[in-house]
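To keep things clear, I will list the structure first and then write my remarks on it.
Source: prediction; values computed, not measured. Labels below follow one simple rule: chain letters A, B, ... track the order of the sequence lines, proteins then strands, and each chain is numbered from 1.
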Amino acid sequence: MSVAPRLQLEYFDGRSARPQRAEIQLQDGQLQLACGLLNHQYPLGSVRWPERQRHGQRQALLPDGGVLSCADAARWDDWARASGLRDSLTVRWMQNWRLVGTALAMLLAVLLMAWRWSLPLATEATLRWLPPALEQQIGSQALAQLESHWLRPSELPPAEQDALRQRFATLVAQAHPPGQAPAYQLHFRAASAALGPNAFALPGGAIVLTDALVQLMRDRPDAVLGVLAHELGHVRQRHGLRLAVQASLVSALAGLVVGDFSALLAGMPALLTQQAYSRDFEREADAEARRCLLAAGISPRVMLDFFERLAQQRQHAASLPIAFSSHPADTERKRFFSEPP
Amino acid sequence: MSNNNDRTAADSTLGNLSGWPHSQYRKRKLDVAFTGSGSEYFRIWIVNLLLSLVTLGLYLPFAKARRLSYFYSNTLIDGQALGFHGDPWKMLRGFLLLAVLTLAYGFAARFSPLSAMAAFALLCGLWPALWRAGLQLRLANTSWRGLRLGFTGSSAGAYAALLPLYVPAALMVAIQSRLAPGDLKPGDPVAAMLAFSMGASLLLMLLMLPWGVARIKRYQHGGYVYADQQTELTVPTRRFYGLGLKALLLTLLPLALLGALAAIAVAVYKPLLFWMMLALPLAYLLYFALITPYVSARLQNLVWNGTASELLQLQSDLPARPLAWLTLKNWLLTALTLGLYRPFAAVHTARMRLQAMSLMVEGDLDGWVARQSVAQDDAAGDAAGDFFGIDMGL
């Protein structure tokens with residue numbers, strides 16, 4: 001290098017707000033700064049160099065608090081290139097539309113992979129790591145919460161409850177090898193009209209069955225067993241806790257993407273993925289119900305009656321035309337349970 | 001004046017680089033310009049995001065440093081860009097510390113209400129100190145014309161500014177915990193008492209809020225330092241109440257409208273109620289997309305127009321309605337593009353907010369010198385500010 005290229009710019013010494021005209025060049029691995037009669041030298045590595053961008057000014061930060069400022073970015077970039085200052089890999093990446101397009105594609109791939117594999121895996125790992133006692137505690141808290149607001153003690157005759165309990169225990173025993181059945185507790189409860197015929201599983205293995213559901217299917221107790229087996233599927237796969245863990249992971253991920261923009265927007269992907277995951281969970285639980293029924297020698301087709309009566313019930317109950325209740329998934333579920341074994 | 005002699009001598013050697021007509025020394029308006037572009041920030045953002053994701057978040061501080069550098073180098077006050085001096089490696093340290101704390105808190109909160117409560121109380125206790133550290137660090141890492149900005153607010157001041165609002169909040173939390181489900185039945189006098197005191201604390205909170213915000217802003221804007229200039233906020237508290245009242249009215253108006261519409265629907269045409277239910281989430285979003293920027297624009301103007309030091313006077317002339325429309329547009333496009341519009345939105349918002357600002361300066365800036373070099377390396381505070389969305393209000 002015979003003549004090192006020079007650049008005229010403004011220099012602030014870090015002590016005064018006065019801009020001083022200065023000239024810089026790179027020589028012998030040093031940044032040489034000439035300002036009036038003063039000469040400074042800085043090792044290249046000690047200077048914080050600006051990143052190349054299309055917009056904005058260039059500022060190099062000197063280790064002694066001084067600042068080199070070049071309002072004409074193009075002039076700086078020419079000088080930097082001529083002086084052999086190389087852009088970092090990241091900067092070259094960012095300044096090239098084609099590479100940015102690649103980055104976008106990779107980003108989508110990473111997000112897709114995270115959604116498809118990493119998230120369930122991470123959830124799995126977290127679930128394995130959580131002590132079962134904790135799950136029990138969450139479940140009992142949730143049940144207490146529900147009982148105080150929506151549930152009352154069951155009004156079914158104790159004999160009917162015992163009979164169902166007994167039949168379900170038999171079914172569970174038939175469907176699982178000895179010692180492999182998941183632990184569950186069956187609770188009969190009367191519920192407000194809003195819940196209607198319903199059943200749900202809570203973390204820790206609590207299964208709540210409403211009186212209305214038992215009454216709805218009184219002449220088809222096998223269908224009640226099918227519903228319970230579905231809930232047992234949720235218990236076995238720990239779906240309740242899985243959803244909670246997944247929700248926190250998804251919202252953390254979404255927070256990374258649009259979090260500093262709006263918490264509301266960040267909440268939406270979490271909500272949407274939640275829906276998708278819980279649909280998957282319902283399918284898993286349905287598969288479990290079907291398996292259990294078949295193992296107990298009951299035709300899965302008993303569930304068809306249940307879906308039909310539930311649909312009728314909904315039509316009677318809804319005074320307003322609520323569009324959401326026309327479950328397209330119902331047909332899919334009916335088909336699943338009516339398939340020959 | 002020796003300063004003038006210096007100047008002429010300097011001018012001849014410097015080629016009049018910084019020369020302003022001497023007659024205009026007395027008072028000068030410095031405009032703020034923002035030159036960033038959405039498409040360029042989009043490229044920076046995509047690569048930052050990808051690197052942050054594949055490093056499981058470890059790249060975040062570096063991404064943040066790059067983002068701030070970009071915005072700073074495009075923020076020109078009187079033609080001179082701001083400088084960002086933050087060290088990403090130090091930011092990484094603070095980030096790791098905070099990530100560990102937040103994860104611990106998240107787990108605690110999900111699985112044991114008691115430990116979550118303890119962690120929350122601890123965070124509340126530390127919060128003012130963290131907030132102050134964040135302000136200090138952010139300003140100390142910002143320079144203009146080679147001089148670092150600074151923040152001189154004390155820790156005690158931060159606690160004094162924030163604690164009054166803790167009182168009604170703590171009351172509400174305490175009452176909430178007494179209102180445990182199952183303990184109380186409707187018609188129970190204790191329940192009625194609790195419900196009443198809940199309402200009373202909420203009212204107290206509402207009444208105190210403008211005063212609390214005024215205290216917070218007074219602390220914040222009373223601690224900014226540039227050269228030997230220390231700012232002060234001289235806005236009377238009643239003006240914060242005026243803004244609060246406007247916000248309240250703007251909230252009540254749509255609610256009243258909605259109530260009236262619902263009443264009409266019930267009386268005249270019931271299916272209308274169904275469509276209203278469908279539109280409700282949309283109305284909710286619309287409300288937040290419009291009201292939040294409206295209030296924040298008014299607040300920015302109120303606060304910055306009242307911020308001045310001996311020789312500096314800040315000005316903000318941010319129109320509320322355009323900001324509200326811009327925000328609505330940003331939300332819509334961000335949602336429609338599944339987040340890809342976000343960097344454009346950030347740039348547009350920054351441009352509108354920053355270009356509304358200006359500075360009036362008395363005297364010759366060239367003569368201003370740094371008060372002292374302030375070195376801060378408490379990056380935890382900055383990371384905390386970032387985590388919890390606290391910033392300088394700009």
*What residue, out of Ser16(A), Ala73(A), Gly36(A), has the most heavy-atom pairs lying under 4.5 Å from chain B?*
Ser16(A)

_As an exercise: rank Arg48(A), Glu135(A), Met106(A), Arg58(A) by heavy-atom pairs under 4.5 Å with chain B and give me the winner._
Arg48(A)

Close side-chain approach of [X] and [Y], heavy atoms under 4.5 Å:
| X | Y | value |
| --- | --- | --- |
| Ser69(B) | Glu51(A) | no |
| Gln59(A) | Leu82(B) | no |
| Phe12(A) | Gln80(B) | yes |

By a 4.5 Å heavy-atom criterion (distance strictly below it), what part of [X] contacts chain A: side chain, backbone, both, or neither?
| X | value |
| --- | --- |
| Tyr59(B) | side chain |
| Thr75(B) | neither |
| Phe42(B) | side chain |
| Phe84(B) | backbone |

Minimum heavy-atom separation for [X] to [Y], with atom names?
| X | Y | result |
| --- | --- | --- |
| Ile46(B) | Val100(A) | CG2-O, 4.0 Å |
| Gln57(A) | Gly79(B) | NE2-O, 2.7 Å |
| Ser73(B) | Gln53(A) | OG-OE1, 3.3 Å |
| Asp366(B) | Pro19(A) | OD1-CD, 3.5 Å |
| Leu365(B) | Ala17(A) | O-CB, 3.5 Å |
| Met94(A) | Asn48(B) | CE-OD1, 3.6 Å |

*Which bit of Gln95(A) comes within less than 4.5 Å of chain B, counting heavy atoms only: side chain, backbone, both or neither?*
both

Other residues, nucleotides, ligands: >12 heavy atoms within 6.0 Å of [X] [atom1]:
| X | atom1 | result |
| --- | --- | --- |
| Leu89(A) | CG | no |
| Arg75(A) | CZ | yes |
| Trp89(B) | CH2 | no |

_Glu40(B) side chain vs His55(A) backbone, donor-acceptor pair below 3.5 Å_ = yes

*asked:* Quick check: under 4.5 Å, non-hydrogen atoms only, which of residues 60-68 of chain A neighbour chain B?
replied: Leu61(A), Gly65(A), Val67(A)

*Between CD1 of Ile44(B) and OG1 of Thr90(A), what distance do you get to the nearest 0.5 Å?*
11.0 Å

*Return the option, out of Leu147(B), Val369(B), Val54(B), Leu340(B), with the maximum number of heavy-atom pairs under 4.5 Å with chain A.*
Leu147(B)

